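The block underneath contains the structure these notes are about, expressed in structure tokens.
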Amino acid sequence: MTNSPAQAASSASRSARLALVGDRSPDVVSHIRIPRFLDSLAERDRLVVDAYWIHSEDAAADPAVVRGFDAVWVVPGSPYRSEAGVLSAIRTAREEGIPFLGTCGGFQHALLEYARTVCGLTGVAHAENDPDAEDFLIEPLACSLAGHEAAVRVEPGSLAQSVLGAERSVERYSCRYGPSAHLDTLRAHGLRFSGHDEDGQVRIVELPGHPFFLATLFQPELSGDGSRPHPFVRGLARAAVDHAARAAHLPV
């Protein structure tokens, strides 16, 4: 695993390339587990994915930085150093059909990008990033989910259900913020809320018509003991490999 997007862009190999967008830290358990998951996928599933860390500030400095990748994963670890950089990476993946996974903070910012760019809700804010804003899309949860584990019910026929292979799972959280308003507007503009907790609160979103676009408020990185990747991580890797294979057959 390397930190250089430039090396990814110049590589002669057509192995699937994954952009890990976020501010890498040894204190974030999810960040530590991701390399293990990728090793496991290569060894057990023959899904070889080369991952490159892209810090949020680098994504802000170069809005095209994730172009040329076969998948984008906006990882946990908010507040990010650059909200703009994270939103730019999400928008590129969404608009250009690059497989995308957003987890925890990635989920929150996927909703924020969609609300501002697609729904025209340009004034909505994330309370962690802009606590003095007047219109919040993402606010502190009434009960923090940090360290909690809870059931999630997945809609039949959804991408989430197809990838998970079940309509219910128990997931782990490490977050204090979630969506609070404008959900009807997001839904009316095409976003699908495909997973909910037992109280009906949104926990998974996806984008119909996109090759692979999933975001979860929970952290699939925390599933199990860290030796085997969650089905959503495996699904992203498979989508990345498929994207790379299609790209390799495009005319130059």
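Fair warning: this is a prediction, and the values are worked out from it, not measured in the lab. Numbers here are sequence positions counted from 1. All values below were derived from every heavy atom in this structure, side-chain atoms included, with hydrogens, water molecules and symmetry-related copies excluded.
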Margin query: Between Tyr114 and Val205, does the side-chain contact (heavy atoms from CB on, under 4.5 Å) criterion hold? Intermediate values first, please.
Written below: CA-CA 11 Å; Tyr114 201 83; Val205 300; over 6 Å; no
Residues passing the ring-ring contact (aromatic ring centres under 6.0 Å, His included) test with His243, sequence neighbours excluded, are none
Salt-bridged, Arg187 to Asp184, with N to O below 4.0 Å?
-> yes
Exercise. Going through the checks in order, is the salt bridge (charged side-chain N to carboxylate O under 4.0 Å, His left out) test met by Glu113 and Arg94?
Worked result: CA-CA 10 Å; Glu113 189 279 324; Arg94 179 181 58 78; 2.8 Å; yes
- Item | Val170/Glu149 under side-chain contact (heavy atoms from CB on, under 4.5 Å): CA gap, chis, key distance, verdict | CA-CA 7 Å; Val170 176; Glu149 187 175 83; 3.3 Å; yes
Q.
Ring centroids only, cut at 6.0 angstrom: are His109 and Tyr80 within range, meaning strictly under it?
A. yes
Ionic contact status for Arg168 with Glu198, cut-off 4.0 Å
yes
Greater than 12 external heavy atoms within 6.0 Å of Arg238's CZ: no
| said: Please tell me whether Glu128 and Ser78 have a donor and an acceptor in their side chains that are separated by less than 3.5 angstrom. | reply: yes
* **Residue pair Glu171 / Phe232, side-chain heavy-atom distance below 4.5 Å** => no
Might you work through the side-chain contact (heavy atoms from CB on, under 4.5 Å) test for Val152 and Thr216, ending with a clear yes or no? CA-CA 10 Å; Val152 176; Thr216 70; over 6 Å; no
Rounded to the nearest 0.5 Å, the CG atom of Leu111 sits from the CG atom of Leu191 at a distance of 6.5 Å
To the nearest 0.5 Å, atom NE2 of His55 lies from atom CG of Asp23 at 6.5 Å
**Request:** Would you please test Cys175 and Leu217 for side-chain contact (heavy atoms from CB on, under 4.5 Å) and show each step?
**Result:** CA-CA 8 Å; Cys175 63; Leu217 187 60; 3.8 Å; yes
Self-check item: Thr92 side chain to Glu96 side chain, donor-acceptor N/O pair below 3.5 angstrom
Solution: no
Test side-chain contact (heavy atoms from CB on, under 4.5 Å), reference Thr185, set Val118, Val124, Leu137, Leu121, output is Leu121
Side chains of His126 and Gln108: any donor to acceptor distance under 3.5 Å?
yes
